[in-house]
Amino acid sequence: MDWKTLQALLSGVNKYSTAFSRIWLSVVFVFRVLVYVVAAERVWGDEQKDFDCNTRQPGCTNVCYDYFFPISHIRLWALQLIFVTCPSLLVIMHVAYREDREKKNREKNGENCPRLYSNTGKKHGGLWWTYLLSLFFKLIIEIVFLYLLHKMWDSFDLPRLVKCSKVDPCPNTVDCYIARPTEKRVFTYFMVGASSICIVLTVCEIFYLIFKRVVRSVQKWKKSTKRSVSYSKASTCQCHLKTEEKDNKSQTRCVA
């Protein structure tokens, strides 16, 4: 898998991201992708070959391995990394759509025509919602994969000895031994910890975006309220002036 291409593609999101998203991207590529490529693949490279069972029954070792490892940690992490980075591409696609609309508008109405967007990468309108949805997608994907990892391997643990019972064609109960369980357990906890940090960063960014949007809306509402109040005061003053002018005119007529 060419992780460099994915990194180069996702690095373009940084132009439209908040500080939380930039930290999230750094955590993903430094503490997850880099660890996955450099170390984790090698640690899990011998998992099926060195999965030992105390039986010579043909097919029993393979069946027990499939029973305890329905999907390999390393392949599950690869799927997780792919799925969790894909929602960020929605933002890039939306910005590209805006830029295409802007280009077509200039071609149709000339270079001096009014712009459709003041800044195509600014998180306003539809792009804000796209960005927020991408964060929710990332959050859901992270939680789902952590749940799967916890469900398939009890509490992310890898015991030294596993007992394979009532699984055909294994006779009775068969003891099986996982290769390098302590090392694999350390890497599992590390990857789970990195995934948890990404979840916290995503939640913080969601609250930050919503809070910022609410503050901006309140500020706009206050400004509009002030304008309406000042307008009403101005109109009231004008009415008083007109009334006073009429009174003055009537008084001068009476004197005459």
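Worth knowing before you read on, the calculation uses all heavy atoms, side chains too, and leaves out hydrogens, waters and symmetry mates. Here, residue 1 is the first one in the sequence, and each next residue gets the next number.
- Using cut-offs of 30° and 60° on the angle between ring planes, the pair Phe69 and Phe51 is perpendicular.
- In the hydrophobic clustering of ILVMFWY residues, with side-chain heavy atoms under 4.5 Å counting as a link, Ile143 and Phe145 come out together.
- A single hydrophobic cluster is not seen to contain both Val174 and Phe68; linkage of ILVMFWY side chains at heavy-atom distances under 4.5 Å, directly or through other members, places them apart.
- The structure places CG of Leu81 at 5.5 Å from CE of Met191, a figure rounded to the nearest 0.5 Å.
- The two residues His73 and Leu149 come nearest to each other via the heavy atoms CD2-CD1, 3.9 Å.
- Residues Val27 and Leu201 meet the side-chain proximity criterion, which asks for heavy atoms closer than 4.5 Å.
- No side-chain donor-acceptor contact under 3.5 Å links Arg185 to the backbone of Asp157.
- Residues Phe137 and Leu90 have side chains in contact (heavy-atom distance under 4.5 Å, counting atoms from C-beta outward).
- Other residues, nucleotides and ligands contribute only 12 or fewer heavy atoms inside 6.0 Å of the CG atom of Asn172.
- A cation-pi arrangement is absent between Lys212 and Trp128 under the rule of less than 6.0 angstrom and at most 45 degrees off the ring axis.
- Taking CZ from Phe136 and CD1 from Ile206, the interatomic distance works out to 4.5 Å, rounded to the nearest 0.5 Å.
- Environment of OH in Tyr177: crowded, with over 12 heavy atoms of neighbouring residues, nucleotides or ligands closer than 6.0 Å.
- Looking only at distances, a side-chain donor or acceptor of Lys184 sits under 3.5 Å from a matching main-chain atom of Ala179.
- Taking the centre and axis of the six-membered ring of Trp77, the NZ or CZ atom of Arg32 falls outside the cone set by 45° and 6.0 Å.
- Looking at every heavy atom in both residues, Thr55 comes nearest to Cys60 through CG2-SG, 3.6 Å.
- Residues Ser165 and Thr173 approach most closely at CB-OG1, 3.6 Å, considering heavy atoms.
- Here Leu209 contributes atom CG and Leu135 contributes atom CG; the two are 6.0 Å apart, rounded to the nearest 0.5 Å.
- Side-chain contact between Ile74 and Tyr36: present, with at least one pair of heavy atoms (C-beta onward) separated by less than 4.5 Å.
- The closest donor-acceptor contact from the side chain of Arg22 to the backbone of Ser17 lies under 3.5 Å.
- The distance from atom OG1 of Thr85 to atom CZ of Phe83, rounded to the nearest 0.5 Å, is 10.0 Å.
- Looking at every heavy atom in both residues, His94 comes nearest to Leu127 through CE1-N, 3.6 Å.
- To the nearest 0.5 angstrom, Ser72 atom OG is 5.0 Å from Tyr65 atom OH.
- Aromatic pair Phe20/Tyr208: ring centres closer than 6.0 Å.
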Begin with the C-alpha distance, continue with both residues' side-chain angles, and end with the deciding distance and a verdict on side-chain hydrogen bond (donor to acceptor under 3.5 Å, both in side chains) for Thr202 and Glu142. CA-CA 10 Å; Thr202 305; Glu142 292 278 21; over 6 Å; no
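- Under the 4.5 Å side-chain heavy-atom criterion for ILVMFWY residues, a single connected hydrophobic cluster contains both Val192 and Leu158.
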side-chain contact (heavy atoms from CB on, under 4.5 Å) evaluation trace for Ser88 with Ile92: CA-CA 7 Å; Ser88 299; Ile92 297 176; 6.0 Å; no
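- Minimum heavy-atom separation, Phe156 to Thr188: O-CG2, 3.7 Å.
- A donor-acceptor pair under 3.5 Å links the side-chain atoms of Ser134 to the main chain of Tyr131, judged by distance alone.
- Summarising the geometry of Met152 relative to Pro70, their closest heavy-atom pair is SD-CG, 3.5 Å, with the distance given to 0.1 Å.
- Put simply, the residue from Cys176, Cys64, Cys170, Cys164 that forms a disulfide bond (SG atoms under 2.5 Å apart) with Cys53 is Cys176.
- Arg160 and Glu183 are not joined by a salt bridge, as no carboxylate oxygen comes within less than 4.0 angstrom of a charged side-chain nitrogen.
- For the pair Asp175 and Val162, the minimum side-chain heavy-atom distance is 4.5 Å or more.
- Here the CD1-CG distance, from Ile141 to Leu146, works out to 12.0 Å after rounding to the nearest 0.5 Å.
- By the 6.0 Å contact criterion, CZ on Arg213 is enclosed, its count of non-hydrogen atoms from other residues, nucleotides or ligands being greater than 12.
- With hydrophobic clusters built from ILVMFWY side chains whose heavy atoms lie under 4.5 angstrom apart, Val144 does not share a cluster with Leu133.
- Clustering ILVMFWY residues whenever any of their side-chain heavy atoms sit less than 4.5 angstrom apart, transitively, puts Val203 in the very cluster that holds Ile140.
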